[in-house]
Amino acid sequence: MVAPPITPDAPDAPARRRVRLPLLRMALAVAGGGLLYLSFPPRPLWWFAPLGFALLGYVLNERRARAGFGYGVLFGLGFMTPLLRWTGEFVGLVAWLPLALACAVLIGISTAAMAVVSKTRLAPLWMACLWVADEALRGVFPFGGFPWGKIAFGQPEGWYLPLASLGGAPLISFAVALTGFGLTWAVRNWKLGVPLAVLPLVAGLAATPLVGTNPSAGTATVAAIQGNVPRAGLDFNSQRRAVLNNHVKRTLELAQDVAAGKAKQPDLVIWPENSSDIDPFRNVDAADEIDKAARAIKAPIAVGAVVIDRNDNLPRNTVVLWDPEKGPIDTYTKRQLQPFGETMPFRSFFRIFSKTVDRAGVFQPGSDPEGFAMGPAKVAIDTCYEVAFDGVVRDSVLAGSNLIAIPTNNATFGYTEMTYQQLSMSRVRAVEHGRAVVVSATSGVSAIVQPNGSVTQRTELFTPDALVATLPLRGETTLATRIGAWPEWVLTAAGVLALALSLYARRRKDTDDGPAGAA
């Protein structure tokens with residue numbers, strides 16, 4: 001006897017559908033995270049981000065919190081695993097995958113909450129607020145926070161960028177997420193979903209005229225020096241003399257070009273982080289080399305140096321202001337240190353698993369956000385990792401700056417996407433605070449960023465170069481600078497309140513249904 005064919009109405013068909021649907025949602029969750037990753041530089045695919053959130057919204061719609069957590073972790077892994085690949089370039093999986101998993105778990109916490117509010121009215125709005133809450137959490141926890149992966153940092157080419165001048169990076173992230181979730185809901189309820197999807201884009205375009213670029217405080221000619229390193233990798237510090245010599249040499253070459261009329265005379269010069277890991281306050285030969293460069297270029301130089309404090313004999317990641325006539329006259333010490341690099345949290349605990357933790361530094365943080373007066377400019381200094389932190393950059397701008405400098409060292413991350421991701425942060429900061437930004441990197445990418453976020457000059461990776469540009473100095477403060485973290489707090493509070501009300505309504509419903517169900 002031939003068995004009859006299995007039809008959709010066969011007894012096992014519903015069971016098979018119950019298996020297929022979760023698998024489909026899992027695949028879509030990973031794909032949504034992948035789209036989010038692809039929206040980040042160096043790719044100009046900014047519009048992939050709302051599409052990624054649209055897939056996430058579909059997956060989370062009317063799911064339970066536990067399912068929302070699981071799908072969110074998958075979404076986070078699809079996003080963070082490729083995005084943070086640079087962290088394992090020279091140390092392997094030990095840093096990369098645990099960090100990606102930790103970020104994915106934090107994302108899963110927010111998506112569990114999103115699943116709960118997905119059944120409420122205006123669900124896309126509350127879900128977007130909860131995404132901002134997730135970014136706020138990742139900005140402070142763990143180990144002082146790891147805000148890498150903020151959606152705003154993938155939007156320097158997008159229509160949302162002008163919103164940075166109104167509400168900073170959190171407002172951009174909210175707008176992108178709202179567009180994506182609105183697209184999901186437009187399939188079910190176009191009267192709700194379409195306006196929520198379109199409004200953030202319209203708001204971004206409408207905010208474009210508010211992005212100021214006029215030189216209200218005059219102009220300054222700035223040079224960014226990229227001296228390069230002998231080779232990429234973790235051992236670049238062992239080549240400290242060569243790195244210093246490279247930056248001196250490239251500055252002397254620029255001085256020759258200025259003397260020959262091939263380049264404009266700079267008012268100030270920015271060297272990268274770690275351009276002199278030989279302490280110039282303790283090593284006369286290093287000081288002599290820097291002094292030679294400053295005198296040749298006839299302008300003050302902001303020198304990224306490792307300085308050993310005389311009081312506690314511990315290192316500081318310091319930028320030294322070097323005057324061509326007076327020598328070192330001021331310093332700025334990095335305030336936001338990089339965990340597992342410049343510092344090692346719970347060193348004795350992690351040493352149980354690997355003695356390589358002792359390669360992490362014992363750097364001490366600074367506390368003063370004040371930058372440097374350099375020629376006609378008042379320069380905010382935000383060193384490398386600091387550019388990812390909203391409050392750190394804002395404090396340096398509020399200290400009275402009209403120009404932002406980002407000295408950075410990306411040599412330890414080779415040819416990965418890290419430097420492009422960091423450059424995109426600088427572009428968002430330019431619009432957020434209405435300031436031109438000078439990015440000076442040891443090995444690239446160095447860049448000149450206008451107050452509207454556009455890049456007018458940039459270098460190639462691992463290539464000695466010097467960028468010279470006359471930039472607007474701006475004294476006005478944007479709305480985002482004035483109100484600071486308020487947009488993030490308000491959006492986070494709105495999301496948490498919506499979650500609390502949803503849980504309360506569900507509990508009341510369960511209580512009301514209890515007796516009837518028992519009967």
Side-chain angles (χ1 to χ4, degrees), residues 25 28-29 32-33 36 49-73 75-76 79 105-139 149-152 160 163 166-204 485-510:
R25 293 191 189 102
L28 290 177
L36 214 55
L51 295 181
F53 278 110
L55 290 182
L56 179 63
Y58 171 78
V59 167
L60 296 178
N61 182 35
E62 298 191 356
R63 297 297 103 200
R64 294 188 178 186
R66 184 172 60 183
F69 174 79
Y71 291 135
V73 170
F75 178 83
F79 173 37
V105 168
L106 292 176
I107 289 174
I109 294 173
S110 70
T111 54
M114 291 179 200
V116 173
V117 302
S118 68
K119 302 175 184 180
T120 65
R121 294 184 62 185
L122 299 179
L125 182 64
W126 312 131
M127 294 170 74
C129 288
L130 286 167
W131 181 267
V132 174
D134 169 74
E135 290 191 344
L137 175 62
R138 286 189 280 126
K150 278 192 174 185
I151 301 306
Y160 303 95
L163 294 174
L166 302 178
L171 185 58
I172 295 179
S173 296
F174 170 76
V176 174
L178 182 58
T179 297
F181 292 138
L183 288 173
T184 303
W185 263 254
V187 177
R188 303 170 53 208
N189 183 350
W190 66 269
K191 290 184 179 180
L192 170 64
V194 171
L196 291 178
V198 172
L199 184 60
L201 288 166
V202 173
W486 274 104
E488 185 174 64
W489 293 343
V490 170
L491 292 169
T492 296
V496 173
L497 179 61
L499 172 64
L501 292 176
S502 297
L503 292 172
Y504 175 73
R506 178 175 295 182
R507 173 178 254 182
R508 284 198 60 182
K509 183 178 183 299
D510 290 344

Asks: State the CD1-CZ distance between Ile109 and Arg138, to the nearest 0.5 angstrom.
Replies: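 Ile109 CD1 to Arg138 CZ: 11.0 Å, rounded to 0.5 Å.
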Asks: How far apart are the closest heavy atoms of Ala115 and Gly68, and which atoms are they?
Replies: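 Smallest heavy-atom distance, with atoms named: CB-CA, 4.0 Å.
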Asks: Restricting to non-hydrogen atoms, name the atom on Ser110 and the atom on Leu130 that form the minimum distance, rounded to 0.1 Å.
Replies: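 For Ser110 versus Leu130, the nearest heavy atoms are CB-O, 3.9 Å.
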Asks: Which pairs pass side-chain hydrogen bond (donor to acceptor under 3.5 Å, both in side chains) with one or both residues in residues 170-187, sequence neighbours excluded?
Replies: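 For residues 170-187, and leaving out neighbouring residues, the side-chain hydrogen bond (donor to acceptor under 3.5 Å, both in side chains) pairs sorted by first residue read Glu135-Ser173, Tyr160-Thr179.
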Asks: Looking at Leu497, Leu491, Thr492, Val117, which hits side chain to side chain contact (heavy atoms under 4.5 Å, CB included) with Cys129?
Replies: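 With Cys129 as partner, Leu497, Leu491, Thr492, Val117 yield a single side chain to side chain contact (heavy atoms under 4.5 Å, CB included), made by Leu491.
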Asks: If you measure from CZ on Arg121 to CG on Leu192, what distance do you get to the nearest 0.5 Å?
Replies: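 Between atom CZ of Arg121 and atom CG of Leu192 there are 9.0 Å.
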Asks: Looking at every heavy atom in both Pro170 and Gly167, which two are closest together, and how far apart are they?
Replies: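 Distance-wise, the nearest heavy atoms are CD-O, 3.7 Å.
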Asks: Under 30°, 30 to 60°, or over 60°: which ring-plane class applies to Trp489 and Trp486, parallel, tilted or perpendicular?
Replies: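 It falls in the perpendicular class, over 60°.
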Asks: Should Leu196 and Phe181 be marked as a side-chain contact (heavy atoms from CB on, under 4.5 Å) after you check the CA-CA gap, both sets of side-chain angles, and the distance that decides it?
Replies: CA-CA 8 Å; Leu196 291 178; Phe181 292 138; over 6 Å; no
Asks: For Phe69, I'd like to know if atom CZ has over 12 heavy atoms of other residues, nucleotides or ligands within 6.0 Å.
Replies: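 Atom CZ in Phe69 is packed in, count exceeds 12.
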Asks: Closest heavy-atom contact between Ser118 and Arg63?
Replies: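 Shortest heavy-atom contact: OG-N, 4.1 Å.
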Asks: Between atom CG of Leu499 and atom OH of Tyr504, what is the distance when rounded to the nearest 0.5 Å?
Replies: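 Spacing of CG (Leu499) from OH (Tyr504) equals 15.0 Å.
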Asks: Nearest 0.5 angstrom please: Leu56 CG to Met114 CE, how far?
Replies: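 So the CG of Leu56 and the CE of Met114 are separated by 6.0 Å.
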Asks: Might you point out which heavy atoms bring Ile107 and Gly76 nearest each other, and give the distance in Å?
Replies: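 Answer, listing the atom of Ile107 first, then Gly76: CD1-CA, 3.8 Å.
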Asks: Classify the ring geometry between Phe75 and Trp131 as parallel (under 30°), tilted (30 to 60°) or perpendicular (over 60°).
Replies: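 Phe75 and Trp131: perpendicular rings.
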Asks: Of the non-hydrogen atoms in Pro124 and Gly182, which two are nearest, and what is the gap between them?
Replies: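 That closest heavy-atom pairing would be CB-N, 4.0 Å.
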Asks: Starting at CG of Asn61, measure out to NZ of Lys119 and round the result to the nearest 0.5 Å.
Replies: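 Spacing of CG (Asn61) from NZ (Lys119) equals 9.5 Å.
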Asks: Which value, rounded to the nearest 0.5 Å, describes the distance between Leu60 atom CG and Leu28 atom CG?
Replies: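 If we round to the nearest 0.5 Å, Leu60:CG and Leu28:CG are 11.0 Å apart.
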Asks: Under the side-chain contact (heavy atoms from CB on, under 4.5 Å) criterion, do Leu36 and Ile151 qualify, and how do the steps go?
Replies: CA-CA 8 Å; Leu36 214 55; Ile151 301 306; 3.6 Å; yes
